[in-house]
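In what follows, residues are counted from 1 in the order of the sequence shown.
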Amino acid sequence: MYKAAVIGDRETVLGFRALGLTTVAANGAEDASRALHQLAKNDCAIIYITEQLAIKIPAEIAKYDDVASVAVIPIPSKDGSLGMGLADVHRAVEKAVGADILK
(Lines give C-alpha, C1' and ligand atoms only; values in the text may rest on other atoms or scores of the structure.)
Protein backbone atom coordinates (compact mmCIF):
# COMPACT_ATOMS: atom_id res chain seq x y z
CA MET A 1 0.00 0.00 0.00
CA TYR A 2 1.35 3.41 -0.95
CA LYS A 3 1.66 6.12 1.67
CA ALA A 4 2.00 9.89 1.91
CA ALA A 5 4.58 11.65 4.04
CA VAL A 6 5.70 15.14 5.01
CA ILE A 7 9.24 16.39 5.57
CA GLY A 8 9.70 19.72 7.28
CA ASP A 9 10.39 21.58 10.47
CA ARG A 10 8.89 20.15 13.63
CA GLU A 11 6.11 22.73 13.97
CA THR A 12 4.94 22.33 10.37
CA VAL A 13 4.81 18.52 10.35
CA LEU A 14 2.91 18.18 13.63
CA GLY A 15 -0.42 19.09 12.03
CA PHE A 16 0.06 16.51 9.29
CA ARG A 17 0.73 13.78 11.85
CA ALA A 18 -2.74 14.42 13.27
CA LEU A 19 -4.12 13.65 9.79
CA GLY A 20 -2.41 10.26 9.77
CA LEU A 21 0.47 11.06 7.42
CA THR A 22 3.98 9.87 8.10
CA THR A 23 6.05 12.84 9.23
CA VAL A 24 9.76 13.51 9.46
CA ALA A 25 11.12 16.57 11.25
CA ALA A 26 14.28 17.63 9.43
CA ASN A 27 16.73 20.23 10.71
CA GLY A 28 18.64 20.88 7.51
CA ALA A 29 19.59 19.71 4.06
CA GLU A 30 21.31 16.52 5.19
CA ASP A 31 18.34 15.40 7.30
CA ALA A 32 15.89 16.28 4.52
CA SER A 33 17.88 14.43 1.86
CA ARG A 34 18.21 11.32 4.02
CA ALA A 35 14.48 11.38 4.84
CA LEU A 36 13.50 11.88 1.19
CA HIS A 37 15.43 8.84 -0.01
CA GLN A 38 14.29 6.67 2.91
CA LEU A 39 10.62 7.55 2.38
CA ALA A 40 10.87 6.89 -1.36
CA LYS A 41 12.38 3.45 -0.63
CA ASN A 42 9.54 2.68 1.78
CA ASP A 43 6.67 3.02 -0.72
CA CYS A 44 5.75 6.66 -0.08
CA ALA A 45 4.06 7.67 -3.30
CA ILE A 46 3.55 11.29 -2.27
CA ILE A 47 6.22 13.14 -0.34
CA TYR A 48 5.45 16.69 0.70
CA ILE A 49 8.46 18.78 1.66
CA THR A 50 8.50 22.31 2.96
CA GLU A 51 9.75 24.85 0.45
CA GLN A 52 12.38 26.02 2.91
CA LEU A 53 13.97 22.55 2.83
CA ALA A 54 13.27 21.88 -0.84
CA ILE A 55 15.38 24.85 -1.96
CA LYS A 56 18.32 23.32 -0.09
CA ILE A 57 18.19 19.95 -1.90
CA PRO A 58 17.06 20.57 -5.51
CA ALA A 59 19.39 17.93 -6.96
CA GLU A 60 18.09 15.27 -4.59
CA ILE A 61 14.47 16.12 -5.44
CA ALA A 62 15.27 16.14 -9.17
CA LYS A 63 16.26 12.46 -8.93
CA TYR A 64 12.55 11.67 -8.56
CA ASP A 65 11.32 13.81 -11.48
CA ASP A 66 11.16 10.79 -13.79
CA VAL A 67 10.13 8.23 -11.16
CA ALA A 68 6.46 7.51 -11.76
CA SER A 69 5.90 5.94 -8.34
CA VAL A 70 7.10 8.96 -6.32
CA ALA A 71 5.80 12.54 -6.39
CA VAL A 72 7.76 15.14 -4.41
CA ILE A 73 5.63 18.21 -3.79
CA PRO A 74 6.89 21.41 -2.15
CA ILE A 75 4.51 23.00 0.34
CA PRO A 76 4.62 26.18 2.45
CA SER A 77 5.88 25.85 6.00
CA LYS A 78 4.76 27.61 9.14
CA ASP A 79 6.94 30.51 7.94
CA GLY A 80 4.90 30.98 4.74
CA SER A 81 5.32 30.31 1.04
CA LEU A 82 8.31 30.93 -1.18
CA GLY A 83 6.17 30.43 -4.31
CA MET A 84 7.81 27.15 -5.37
CA GLY A 85 4.60 25.16 -5.51
CA LEU A 86 2.87 27.68 -7.75
CA ALA A 87 5.94 27.89 -9.99
CA ASP A 88 5.85 24.09 -10.38
CA VAL A 89 2.19 24.22 -11.39
CA HIS A 90 2.96 26.85 -14.03
CA ARG A 91 5.83 24.72 -15.42
CA ALA A 92 3.63 21.62 -15.55
CA VAL A 93 0.84 23.46 -17.38
CA GLU A 94 3.31 24.95 -19.84
CA LYS A 95 4.80 21.52 -20.48
CA ALA A 96 1.38 19.90 -20.99
CA VAL A 97 -0.28 22.66 -23.04
CA GLY A 98 2.69 24.34 -24.69
CA ALA A 99 2.03 27.71 -23.04
CA ASP A 100 1.46 28.96 -19.53
CA ILE A 101 -2.26 29.65 -19.69
CA LEU A 102 -2.42 30.41 -15.96
CA LYS A 103 -0.56 33.75 -16.16
Side-chain angles (χ1 to χ4, degrees):
M1 181 166 136
Y2 290 107
K3 301 173 258 182
V6 182
I7 303 169
D9 59 272
R10 184 181 164 286
E11 293 82 12
T12 299
V13 301
L14 280 176
F16 291 97
R17 183 176 296 157
L19 296 173
L21 276 70
T22 300
T23 60
V24 178
N27 292 319
E30 190 174 312
D31 287 346
S33 179
R34 189 178 314 112
L36 175 67
H37 297 307
Q38 188 63 41
L39 290 167
K41 271 190 226 176
N42 291 330
D43 292 330
C44 279
I46 301 172
I47 302 171
Y48 299 102
I49 183 168
T50 59
E51 293 174 334
Q52 286 75 3
L53 287 173
I55 62 170
K56 294 178 180 180
I57 59 166
E60 299 304 311
I61 292 171
K63 292 177 182 180
Y64 297 98
D65 285 348
D66 296 326
V67 178
S69 61
V70 178
V72 182
I73 303 168
I75 60 171
S77 74
K78 65 172 178 46
D79 297 323
S81 176
L82 302 176
M84 289 179 67
L86 187 57
D88 287 349
V89 170
H90 283 273
R91 275 193 296 279
V93 168
E94 187 171 4
K95 183 177 177 182
V97 178
D100 187 354
I101 60 174
L102 298 177
K103 282 188 179 180

Name all residues meeting the side-chain contact (heavy atoms from CB on, under 4.5 Å) criterion together with Val70; count only those two or more places apart in sequence or in a different chain, and write none if there are none. Ala40, Ile47, Tyr64, Val67, Val72
Counterpart residues, side-chain contact (heavy atoms from CB on, under 4.5 Å), relative to Ala26 (two or more places apart): Ile7, Asp31, Ala32, Leu53
Can you sort out the partners of Glu11 under side-chain contact (heavy atoms from CB on, under 4.5 Å), two or more places apart, ordered by chain and number? Asp9, Lys78
Just verifying a value: how many Å separate Phe16 CZ and Leu21 CG, rounded to the nearest 0.5 Å? 7.5 Å
Say you draw a straight line from CG of Asp43 to NZ of Lys3; how long is it, rounded to the nearest 0.5 Å? 6.0 Å
Side chain to side chain contact (heavy atoms under 4.5 Å, CB included) for Thr12 and Thr23? Distances and angles first, verdict last. CA-CA 10 Å; Thr12 299; Thr23 60; over 6 Å; no
Quick one: salt bridge (charged side-chain N to carboxylate O under 4.0 Å, His left out) partners of Arg17, sequence neighbours excluded? none
Partner residues of Lys63 under the side-chain hydrogen bond (donor to acceptor under 3.5 Å, both in side chains) criterion, sequence neighbours left out: Glu60
State which residue, out of Ile46, Ile49, Thr22, fulfils the side chain to side chain contact (heavy atoms under 4.5 Å, CB included) condition with Leu39. Thr22
To check you understand the geometry: which heavy-atom pair defines the closest contact between Thr50 and Pro76, and what is its length? CG2-O, 4.4 Å
Partner residues of Ala29 under the side-chain contact (heavy atoms from CB on, under 4.5 Å) criterion, sequence neighbours left out: Lys56, Ile57
